[in-house]
2 protein chains.
Amino acid sequence: MSESTEEPGPSEPSLDEQIAAYQREFRDLDPQVEQVVSALGRLNRRMNVAYGRQVAALGISNAEWEVLKTLVLSGAPYRLGPGELAKRLGLTPAAMTHRIDRMAGEGLVTRDRDENNRVRVIVELTDEGRTKWLEAMRMASDFEEDLLQDLSGDERGVLGELLVRLLRRVEHAQPDAGGRLTDLD
Amino acid sequence: MSESTEEPGPSEPSLDEQIAAYQREFRDLDPQVEQVVSALGRLNRRMNVAYGRQVAALGISNAEWEVLKTLVLSGAPYRLGPGELAKRLGLTPAAMTHRIDRMAGEGLVTRDRDENNRVRVIVELTDEGRTKWLEAMRMASDFEEDLLQDLSGDERGVLGELLVRLLRRVEHAQPDAGGRLTDLD
DNA sequence: CTCGAAGACTTTAGCACTAAACTTAGAAGG
DNA sequence: CCTTCTAAGTTTAGTGCTAAAGTCTTCGAG
């Protein structure tokens, strides 16, 4: 399951067949719950494959695009330290070091020591990096618009609201509220 | 936006802050679309972290659990070749070879040559593997039930239906229907 | 002022994956 | 038969990640 992080994919049985098979093997399964969860997982995997293909056309990887997005989201002047980037991306600092190496080599970011505190490093988006981000963003938002094309405005609103409620349940799961979700991450 | 299969994570701004920041940097963004897409991505990442923790308590990895699920879904006698497994999991055959090595070493599956066609290999779930699958399945379905706890039956149905419609759009995107989605995977 | 401790990266070792080359069994043609 | 082709797995080389150890600056206590 993945970025996340899991990333299976292409050739699986249809969703309905899969749910039916699970019910045969596991009687206690609620098909409605399973439909939501399985559709969520599959949808995400397919979308990630699609994003990867799109940004690859711009000569960057999905991983690099994530870094560009994080820097832009931090707002002008688009600077963050490697540690902060790692935390926001859910990576180890070690992995960040190497990603930044690559991206600095490609001219997407610069990496400099902070003159006021020479133990800190500042990663800053270059103009080229910002341009790549904008191009990727345009492709992504076209793709997302396409994806939701069959849904009415009302349906989009309902879907967004339901997803946000699930997200809230996962993110700040209340202690003492039935418990199992309390220690998620 | 990412996933999985990209796999970022833990410490990000709140969803609302993130959407507001994107709107500042990219005027053309539809906040409703962005809410759906971002919530989907985040939800999935958090869920994958949670699944990973749960199955780790059983002594297996998320990757191993995916293999167990695939074998069980294939139905009795729970046998598939490495190539077929790789296809369903979206991995290369090379990666399957190593996963099967590990899992055979742990007693979760057996790996044997097909006597009728000695170029084929048959991976078969052991009783121990089936037991692990069942334990993981129980944990997962409890977790999923918990996750959806705040949604009424109707809301679950609506959510499932909307997700399935999105999934259909991604999976068999019609040619000649506006196009961009036609070559997804 | 100097020593010790903490913080912020970087480096090293090891693992899991992909892409591409290789191996071997069975199938097809002459 | 014997050659060639194809299919199914495995092996090799190289990438990107994590965990843990290492380096270097800064800060605080004596």
Side-chain angles (χ1 to χ4, degrees), chain A residues 1-11 45 48-49 52-53 55-56 60-67 79-106 109-124 185, chain B residues 2-11 45 48-49 52-53 56 60-67 79-106 109-124 185:
Chain A
M1 57 193 75
S2 130
E3 151 148 180
S4 244
T5 229
E6 283 305 302
E7 45 304 279
S11 169
R45 280 181 273 133
N48 286 333
V49 170
R53 297 197 174 189
V55 300
I60 64 178
S61 69
N62 230 328
E64 288 171 329
W65 187 39
E66 293 293 331
V67 175
R79 287 183 202 156
L80 288 173
E84 184 59 27
L85 273 170
K87 213 166 59 176
R88 299 200 192 184
L89 291 168
L91 298 177
T92 61
M96 255 346 287
T97 295
H98 297 306
R99 268 200 202 181
I100 293 166
D101 280 350
R102 241 175 297 140
M103 293 180 71
E106 294 164 350
V109 300
T110 57
R111 184 227 306 263
D112 293 297
R113 294 229 158 248
D114 182 341
E115 284 310 321
N116 300 329
N117 184 342
R118 302 185 35 72
V119 79
R120 282 173 187 279
V121 170
I122 297 177
V123 178
E124 180 172 341
D185 79 9
Chain B
S2 84
E3 164 204 286
S4 15
T5 268
E6 281 308 299
E7 47 310 280
S11 169
R45 280 181 273 133
N48 286 334
V49 171
R53 296 198 175 189
I60 63 178
S61 69
N62 231 325
E64 289 171 329
W65 187 39
E66 293 292 333
V67 175
R79 287 184 200 155
L80 287 173
E84 184 60 26
L85 274 170
K87 212 166 59 176
R88 299 200 192 183
L89 290 168
L91 298 176
T92 60
M96 254 348 286
T97 294
H98 298 307
R99 268 200 201 181
I100 293 166
D101 280 350
R102 241 176 297 139
M103 294 180 71
E106 293 164 351
V109 300
T110 56
R111 186 228 303 262
D112 293 297
R113 295 230 157 247
D114 182 340
E115 284 310 322
N116 299 331
N117 184 344
R118 303 187 35 75
V119 79
R120 283 174 187 280
V121 170
I122 297 177
V123 178
E124 180 172 339
D185 78 8

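So that the names make sense, note that chain A is the first sequence line, chain B the second, and so on, each numbered from 1.
The distance from atom CG of A:Leu91 to atom C1' of D:dA19 is 14 Å, rounded to the nearest whole Å.
In this structure, the side-chain contact (heavy atoms from CB on, under 4.5 Å) partners of B:Ala86, at least two apart in sequence or on a different chain, are B:Met96. Not counting sequence neighbours, A:Glu106 has no partner by the side-chain hydrogen bond (donor to acceptor under 3.5 Å, both in side chains) test.
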Taking distance alone, no hydrogens or angles, what donor-acceptor pairs closer than 3.5 Å link side-chain atoms of residues 109-116 of chain A to residues at least two apart or in another chain?
{"residue": "A:Thr110", "atom": "OG1", "partner": "A:Glu124", "partner atom": "O", "Å": "3.4"}
{"residue": "A:Arg111", "atom": "NH2", "partner": "A:Asp101", "partner atom": "OD1", "Å": "2.0"}
{"residue": "A:Arg113", "atom": "NH1", "partner": "A:Arg118", "partner atom": "O", "Å": "2.8"}
{"residue": "A:Asp114", "atom": "OD1", "partner": "A:Asn116", "partner atom": "N", "Å": "2.8"}

Checklist line | Residues A:Arg99, A:Leu91; criterion side-chain contact (heavy atoms from CB on, under 4.5 Å); working and verdict | finding: CA-CA 10 Å; A:Arg99 268 200 202 181; A:Leu91 298 177; 3.4 Å; yes
Next item on the list: Verify side-chain contact (heavy atoms from CB on, under 4.5 Å) between A:Val123 and A:Met103, making sure each step is shown before the conclusion.
Entry: CA-CA 10 Å; A:Val123 178; A:Met103 293 180 71; over 6 Å; no
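Of all non-hydrogen atoms in A:Pro82 and A:Val121, the two that sit nearest each other are CD-O, 3.4 Å.
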Where do N or O atoms of nucleotides 4-12 of chain D meet protein N or O atoms at under 3.5 Å, pair by pair?
{"residue": "D:dA8", "atom": "OP1", "partner": "B:Arg120", "partner atom": "NH2", "Å": "3.4"}
{"residue": "D:dG9", "atom": "OP1", "partner": "B:Val121", "partner atom": "N", "Å": "3.3"}
{"residue": "D:dG9", "atom": "OP1", "partner": "B:Val121", "partner atom": "O", "Å": "3.4"}
{"residue": "D:dG9", "atom": "OP2", "partner": "B:Gly83", "partner atom": "N", "Å": "3.0"}
{"residue": "D:dT10", "atom": "OP1", "partner": "B:Arg111", "partner atom": "NH1", "Å": "3.0"}
{"residue": "D:dT10", "atom": "OP2", "partner": "B:Thr97", "partner atom": "OG1", "Å": "2.9"}
{"residue": "D:dT10", "atom": "OP2", "partner": "B:Arg111", "partner atom": "NH1", "Å": "3.4"}

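Here chain B contacts DNA chain C (any atom closer than 4.0 Å to a heavy atom, that is under 4.0 Å), and the contacts span C:dA16 to C:dG26 from 5' to 3'.
Not one N or O on the side chain of A:Glu66 forms a donor-acceptor pair closer than 3.5 Å with the backbone of A:Ala63.
Taken from CG in B:Leu89 to CD in B:Glu84, the straight-line distance is 10.0 Å, to the nearest 0.5 Å.
For A:Thr92, taking side-chain heavy atoms from C-beta onward, the closest of the listed nucleotides D:dG16, D:dT26, D:dA19 is D:dA19.
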